[in-house]
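Everything on this sheet refers to the single structure shown next.
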Amino acid sequence: FQPVQMENPYKEPPKRCILCGINVDYKNVQLLSQFVSPYTGCIYGRHITGLCDKKQKEITKAIKRAQVLGFMPVMFKNPSFLTDPKICNINY
Amino acid sequence: KPETAAVLKRTVEALMERGAIVRNLENLGERSLPYKISKHKERHRRGGYFLIDLEAPPSIVSTMMDHLGRDIDVIRRGFIKHPVSKTEECSGIVPVSYEDKLTAKK
């Protein structure tokens, strides 16, 4: 018997980040504020958010855009979004 | 409120003059600004947000930014490319081998 060439049948589905499939918009400030520190307002890095390349880039661009256009505060997190569920891997 | 209507009318007319096709005008509500913006010798705390769907030649952008800059009632202006949403190809996290990246030649 010769070994049959086939694709790995035990392959796991590719790991998806939490935003895989969600369209990132500069207008939904709530989503963007979840990736911002509530104390300083700085954007969390890739090692904290755990997003893939594209999505992290999109999020940073959208956050900067929202901050410039006056949708999102810069130096802090919008207080009405402080009680959002924790997405990022951070311990305060 | 009639003032905001007048401002919108003025901007849309100016856009139509330069040959822009207005597809849609959305009102994103009036809320307090995230930070106090000082514009035209006044410190603003509340503002109305409006979104205009446009189709226009790119040469309009600079003239319109000028025009909106001179308008006292407009606090902040901006042109953004229309987002074409296509997130059906998201293939998840592709495992990247860092060794290859490090030893790769340019």
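Computation of the quantities below employed the complete heavy-atom set of this structure, encompassing side-chain atoms and omitting hydrogens, waters and symmetry-equivalent molecules.
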Side chain, backbone, both or neither: which part of B:Leu28 has a heavy atom under 4.5 Å from chain A?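 Interface part for B:Leu28: side chain.
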Please say yes or no: joined through hydrophobic side-chain contacts below 4.5 Å, possibly via intermediate residues, are [X] and [Y] part of one cluster?
{"X": "B:Tyr35", "Y": "A:Ile63", "value": "yes"}
{"X": "B:Ile80", "Y": "A:Val24", "value": "yes"}
{"X": "A:Ile22", "Y": "A:Val36", "value": "yes"}
{"X": "B:Leu54", "Y": "A:Tyr26", "value": "no"}
{"X": "A:Ile43", "Y": "A:Leu31", "value": "yes"}

Evaluate whether atom [atom1] of [X] has more than 12 neighbouring non-hydrogen atoms of other residues, nucleotides or ligands under 6.0 angstrom away.
{"X": "B:Met16", "atom1": "CE", "result": "no"}
{"X": "B:Ile72", "atom1": "CD1", "result": "no"}
{"X": "B:Lys9", "atom1": "NZ", "result": "no"}

Is any residue of residues 44-52 of chain B within less than 4.5 Å of chain A by heavy atoms, and which ones?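 Within residues 44-52 of chain B, the residues that come under 4.5 Å of chain A (heavy atoms only) are B:Tyr49, B:Leu51.
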Which residues in residues 4-17 of chain A have any heavy atom closer than 4.5 Å to a heavy atom of chain B?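 From residues 4-17 of chain A, the residues near chain B are A:Pro14, A:Lys15, A:Arg16, A:Cys17.
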For A:Pro73 versus B:Pro34, what's the shortest heavy-atom pair and its separation?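 Looks like N-CB, 3.4 Å.
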Distance-minimising heavy-atom pair for A:Gln67 and B:Arg76: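 So the two residues come closest at O-NH1, 4.5 Å.
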Non-hydrogen atoms of chain B under 4.5 Å away: do they reach the side chain of A:Phe71, the backbone, both or neither?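 For A:Phe71, backbone and side chain are both near chain B.
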Most heavy-atom pairs under 4.5 angstrom with chain B, which of A:Leu51, A:Val29, A:Leu69?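 That would be A:Leu69.
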